[in-house]
Asks: 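A single structure is presented below for examination.
All residue numbers refer to positions in the sequence shown, counting from 1. Model, not experiment: these values are computed from the prediction.
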Amino acid sequence: MKPRLQARIARGLACLAATLAFTACNNSPYPDGSAATNTLFYSFDERSPRYLDPTASYANPESAYTYQIYEPLYGYHYLKRPYELVPKAAAQVVKPYYLDKAGQRLPEDAAPEQIAQSVYEIPIKHGIMYAPHPAFAKNAKGEYLYHHLTRAELGDKRSPWDFEQQGSRELVAEDFVYAIKRHATTRIEAPVFAVFAEYVLGLKAYGDLIKAEDQKLLAGLPRDIRDKPFLDFRKWPLEGADAPDPHLLRIRLKGKYPQWNYWMAMPFVAPVPWEADAFYAQHGMNDNGLSLNQWPVGTGPFMMTEFIRDRRHVMKRNPSYRGEPYPCEGEASDAKDGLLADCGKRMPFVDTLYVTIEKEKVPRKEKFKQGYLDVPEIERPEWGVDFRNDANNSDDVKRRFEERGYKFPLMTDISDWYLGFNMLDPVVGRGDTPEQQAKHRKLRQALSIAVDWEEGYGRIFLSKGGVTAQGPVPPGLFGSREGQGDFHNPVTHKIENGKIVRRSIEEAKQLLAEAGYPGGRDAVSGKPLVLNYDFQRAITPEAKTENDWMVRQFAKLGIQLEVRATDFNQFQDKTLKGKHQIYWAGWLADYPDAENFLFLLYGPNGKSKSQGENVSNYENPEFDKLYRELQALDDGPQKQAIIDKMVAIVQQDAPWSFGYFPWGGLAFQQWVYNGKPSILIRDMAKYYRVDPKLRVAKQAEWNQPTWWPMVLLIAFAFGLVWIARRGYQARQRATAVPVGPAPLPVAEAA
């Protein structure tokens, strides 16, 4: 073999060995050295959040960002149960004072019918600063540097961090006034405007005013213009919200609405600086992906520093954040569980939140088991249940989980999953005439009986299962009857031998025939009944199994169910336009009150008409009347009686097949501390603490390279070289010129 060829082969083998060694030693999905940093690693699925603007954001996947970045007036004590409101941007949690029609003060125990106004005067903490952002940057003269950019000056900047200078300023009460006014916008989705407009004094009329003023601003401009002129809400006062002092916010509500305190613990009432609105309204910003939906501006512990759509989001510690002490009180078991060890220490504990996309469940679980995800998903409450089910199904898995010290704390919290019917739909909806309404109601009732939630999410899909719901109000809330005595939904269940059992499929078929579809066919045309199921997730293998099960439930009645699966963003678009028919949805409590679940069926809160969260677009005058009465009541017998009436109405109308109340639990690595599951507490990231040294050690231990394949490949490569060398030498010998006397010519030999 020629020396040059030998050298090439040697170099090739060396490269192969180095490549194999590198591959075997490093299978981390993150940059080298990142595991040793003070970072919390977790994931999101399918798509990036659609709305991070606090006025528009109301989806659970978005809360993983909004609650870490924005700081509402109130929050919830992280450890105490029952939940207790605590001040965040506010200096204290306040009680309202009440006024009668003449403006005179009333006693605290005044009857709701006497109360004309509830007035909240909320002191704002001094010294709270916004995270750095170019919207606040000023020159030496005090002029804003980036509020009058030309398209050329903006150039290709696609992040606030592409601007040379950043600025900040102190939070003032006017920022909360501005935030409340923004719910009257016509520019973006405002899902709680209908609710707020019922109570915040003058907000409904303010919405009409803003609509008219916005039309003036947009006059003569193309209808599809993306960068609209700045809509400056400071120009128009709102009767129900003002700031008599830079650090005093005053909110006036019509009548009595005890739940308002809970709304003030949500980003809908988080401060919005007018400078951010003005900055993002400039020409070219939307084209460059610059808006509050990607780059929020808040006073919370973290700020968005990287937003790569559908791939990665990174939030860093807000350098302007003042810090808060970790709580020193909690439930009786918290000290035993190590949840008080950081008492009094300044939060947040981690420097970075590193969030990457993971589209499917199986690889996400594997990355957690390898130690590459500290928490699978920060806002979802099912992971602990899922991993516990894995352990219960296999002693080997259970032993491995125990050896690795995974933590799967469980909870009983307030949430539900259900199958909904769009009441605007001509087949399953309300109907136009009394006859249609009666038939459509029977169709929904038949379908509600046919979907056997006890089987599906009580015995089959245990990783996300729970207890079958008899109504819309979960257990654990005042007013819920779930699990009490013989409480049941008389449409779908009955009492047999002292037990609550689902009604038979024969009873469902009888209702279906009375609805005009005997045997699952239209009684007039004879055509089979085909219904559409709008599923709010892309179809993964596990989602396909659930959807197949749902198809079988409808098939029991001879009905064909067509699955129309989309990602969550597309599902939101579809429901806003009213293009859905039957849909799958869930609700995680915003606040611990039955009203937060009953408002999902309140008529003025319709999704397609008012951009609210009533995705079924359900309207019932009696239900809506009772709902308005409910809102003014404190817990007590009167409130219980009204809740009972409302639940009975929707049981009969069946705008939902009520589904189930899920079990909950989270999953944490052994190096993540202070993990306590909760549905209501969404600003959890600031409480979490990680031990990077332990993480590095465990990742190395759990992901040790398997060397024998590399050795085998190298041996195989050397074998190939040896065979090639033998073949080369054989060819050289076969073609070599013989050494010795030349043969005589044929003639001479003769």
Asks: Can we call the ring centroids of His183 and Phe193 under 6.0 Å apart?
Replies: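 No; Phe193 has its ring centre 6.0 Å or more from that of His183.
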Asks: Could you check whether the rings of Tyr262 and Tyr591 sit parallel, tilted or perpendicular, using 30° and 60° as the cut-offs?
Replies: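 Rings of Tyr262 and Tyr591: parallel, as their planes differ by under 30°.
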Asks: Using 4.0 Å as the upper bound for N to carboxylate O, is an ion pair formed by Glu366 and Arg364?
Replies: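 No, this pair does not count.
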Asks: Do Tyr58 and Phe268 make the cut of ring centroids closer than 6.0 angstrom?
Replies: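 Aromatic pair counts; centres sit under 6.0 Å.
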Asks: Flag the pair Lys365 and Asp390 as a salt bridge only when some basic side-chain nitrogen lies within less than 4.0 angstrom of an acidic carboxylate oxygen.
Replies: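 Salt bridge between Lys365 and Asp390, a charged N being under 4.0 Å from a carboxylate O: yes.
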Asks: Salt-bridged, Lys361 to Asp386, with N to O below 4.0 Å?
Replies: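 Looking at Lys361 and Asp386, the cut-off is met.
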Asks: Should the pair Arg182-Asp53 be classified as a salt bridge under the 4.0 Å nitrogen-to-oxygen rule?
Replies: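 Looking at Asp53 together with Arg182, the answer is yes, because their closest N to O distance falls below 4.0 Å.
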Asks: Does atom CZ (Arg430) have a neighbourhood of more than 12 heavy atoms from anything else shown, all under 6.0 Å?
Replies: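 For Arg430, atom CZ is not crowded (no more than 12 foreign heavy atoms under 6.0 Å).
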Asks: I'd like to know if Asp45 and Lys359 make a salt bridge, using a cut-off of under 4.0 Å between side-chain N and carboxylate O.
Replies: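 Result for this pair is no, no salt bridge flagged.
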Asks: Apply ring pair (Phe, Tyr, Trp, His ring centres under 6.0 Å) to residues Phe408 and Phe387 and explain how you reach the verdict.
Replies: CA-CA 8 Å; Phe408 305 130; Phe387 280 112; 5.3 Å; yes
Asks: Tell me whether Lys556 is salt-bridged to Glu506, with the criterion being a basic N under 4.0 Å from an acidic carboxylate O.
Replies: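 Result for this pair is no, no salt bridge flagged.
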Asks: Between Asp522 and Lys527, is the closest basic N to carboxylate O distance under 4.0 Å?
Replies: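 Looking at Lys527 and Asp522, the cut-off is not met.
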Asks: Would the distance check show the side chain of Gln553 and the main-chain N or O of Trp549 forming a donor-acceptor pair, the cut-off being under 3.5 Å?
Replies: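 Side chain of Gln553 to backbone of Trp549: a pair is present.
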Asks: Any chance CD of Glu435 has more than 12 other-residue heavy atoms, nucleotides or ligands included, within less than 6.0 Å?
Replies: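 Counting neighbours around CD of Glu435, 12 or fewer heavy atoms of other residues, nucleotides or ligands fall under 6.0 Å, so no.
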Asks: With under 30° as parallel and over 60° as perpendicular, where do the rings of Tyr533 and Phe535 fit, or are they tilted in between?
Replies: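 Rings of Tyr533 and Phe535: tilted, as their planes differ by 30° to 60°.
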Asks: May I ask you to decide whether Lys544 forms a salt bridge with Asp548, counting only side-chain N to carboxylate O separations under 4.0 Å?
Replies: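 So Lys544 pairs with Asp548 through a salt bridge.
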Asks: Tell me yes or no: between the side chains of Gln536 and Trp584, is some donor less than 3.5 Å from an acceptor?
Replies: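 Judged by distance alone, the side chains do not pair up.
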Asks: Is there a ring pair (Phe, Tyr, Trp, His ring centres under 6.0 Å) between Trp587 and Phe599? Walk through the geometry before answering.
Replies: CA-CA 11 Å; Trp587 190 256; Phe599 99 124; 5.7 Å; yes
Asks: Is it true that Glu62 and Ser57 share a donor-acceptor pair across their side chains at a distance under 3.5 Å?
Replies: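 Yes, Glu62 and Ser57 have a side-chain donor paired with an acceptor closer than 3.5 Å.
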Asks: Taking NZ, NE, NH1 and NH2 as the nitrogens, is one of them in Glu514 or Lys439 under 4.0 Å from a carboxylate oxygen of the other?
Replies: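 Looking at Glu514 and Lys439, the cut-off is not met.
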Asks: Answer yes when Lys494 and Glu507 have at least one side-chain N-carboxylate O distance shorter than 4.0 Å, and no when they do not.
Replies: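 Looking at Lys494 and Glu507, the cut-off is met.
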Asks: Report the C-alpha separation of Phe307 and His313 in whole Å, then their side-chain angles, then the decisive distance to 0.1 Å, and conclude whether the ring pair (Phe, Tyr, Trp, His ring centres under 6.0 Å) test is met.
Replies: CA-CA 5 Å; Phe307 191 106; His313 312 124; 4.6 Å; yes
Asks: When you check the gap from the basic side-chain N to the acidic O, do Asp590 and Arg682 get nearer than 4.0 Å?
Replies: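 Salt bridge: no.
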Asks: Start with the C-alpha distance between Tyr457 and Trp417, add both sets of side-chain angles, then the distance that settles ring pair (Phe, Tyr, Trp, His ring centres under 6.0 Å), and finish with yes or no.
Replies: CA-CA 10 Å; Tyr457 293 87; Trp417 287 95; 8.8 Å; no
